[in-house]
Amino acid sequence: MITFIGLYLGIIFLISSAALLALKELSESTDNITRYMMLRKIGASNKQLNKALFRQIAIFFLFPLLIAVIHSIFGIKFCTYILETFGEEEMLASVSMTMLFLILIYGGYFLITYYCSKNIIKERRL
């Protein structure tokens, strides 16, 4: 029961934090349309603009992920200690499933944000 509640809350927090990051980055992309148009006017190619946008969004998404991974390392070490105390040591399956959920949800939000931001900054021809 406690595992279910922990996983449920973890997934809810993951989805909400990824959604907030995505919304913030999409609103920034909308605000930065004129900057990207200016870069396009001075000769930056679409490939260069997409690469810069990808890096910007990657950095924006990676810092919270890095902090979460550091926090999780210490949490897993503590859980391993507790499980060893009670005689159970097998955590590979639960850690693997957690990583899979993290990659699918967080990575999905990252890719969706990147492609939506890329469409926002595309040169609009009338």
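The shown structure was predicted, so the numbers you read here are calculated from the model rather than taken from an experiment.
Hydrophobic clustering, with ILVMFWY side chains joined whenever heavy atoms are under 4.5 angstrom apart, keeps Leu23 apart from Ile15. Under a hydrophobic-cluster definition in which Ile, Leu, Val, Met, Phe, Trp and Tyr are linked whenever side-chain heavy atoms come within less than 4.5 Å, directly or via other members, Tyr115 and Tyr36 are assigned to the same cluster. Criterion: ILVMFWY side-chain heavy atoms under 4.5 Å apart, direct or through other members. Under it, Leu14 and Met99 are part of a common hydrophobic cluster. Following chains of ILVMFWY side-chain contacts shorter than 4.5 Å, one cannot reach Phe60 starting from Ile112, and the two form parts of different hydrophobic clusters.
Remark: Ile11 CD1 to Ser16 OG distance equals 12.0 Å, nearest 0.5 Å. The CG atom of Leu21 sits 10.5 Å away from atom CG of Leu62, with the distance rounded to the nearest 0.5 Å. Atoms NE2 and CD1, on His71 and Ile73 in that order, are 11.5 Å from each other to the nearest 0.5 Å.
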Between Arg40 and Asn46, does a side chain to side chain contact (heavy atoms under 4.5 Å, CB included) hold up when you go through it step by step? CA-CA 8 Å; Arg40 196 174 279 115; Asn46 280 336; 3.4 Å; yes
For Leu26 and Ile120: C-alpha separation, side-chain torsions, deciding distance, then whether side chain to side chain contact (heavy atoms under 4.5 Å, CB included) applies. CA-CA 8 Å; Leu26 288 172; Ile120 288 172; 4.0 Å; yes
Residue pair Ser29, Leu53: steps toward the side chain to side chain contact (heavy atoms under 4.5 Å, CB included) verdict: CA-CA 9 Å; Ser29 294; Leu53 181 66; 4.2 Å; yes
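Closest non-hydrogen pair, Ala22 versus Tyr109, comes out as CB-CD2, 4.1 Å. Nearest heavy-atom pair, Glu25 versus Ser117, reported as atom, atom and distance to 0.1 Å: O-OG, 4.2 Å.
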Identify every side-chain donor-acceptor pair in residues 101-108 under 3.5 Å, counting partners at least two apart or on other chains, and give the distances.
unit_1: Tyr106; atom_1: OH; unit_2: Phe61; atom_2: O; d: 2.7

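Two residues are said to be in side-chain contact when any heavy atoms from C-beta on lie closer than 4.5 Å; Lys122 and Asn119 meet this criterion. Counting heavy atoms from C-beta on, the side chains of Ile121 and Asn32 never come closer than 4.5 Å.
Lys51 is linked by a side-chain hydrogen bond (donor to acceptor under 3.5 Å, both in side chains) to nothing, counting only residues two or more places apart in sequence or in another chain. With sequence neighbours excluded, the residues satisfying ring-ring contact (aromatic ring centres under 6.0 Å, His included) with Phe54 are Phe110, Tyr114.
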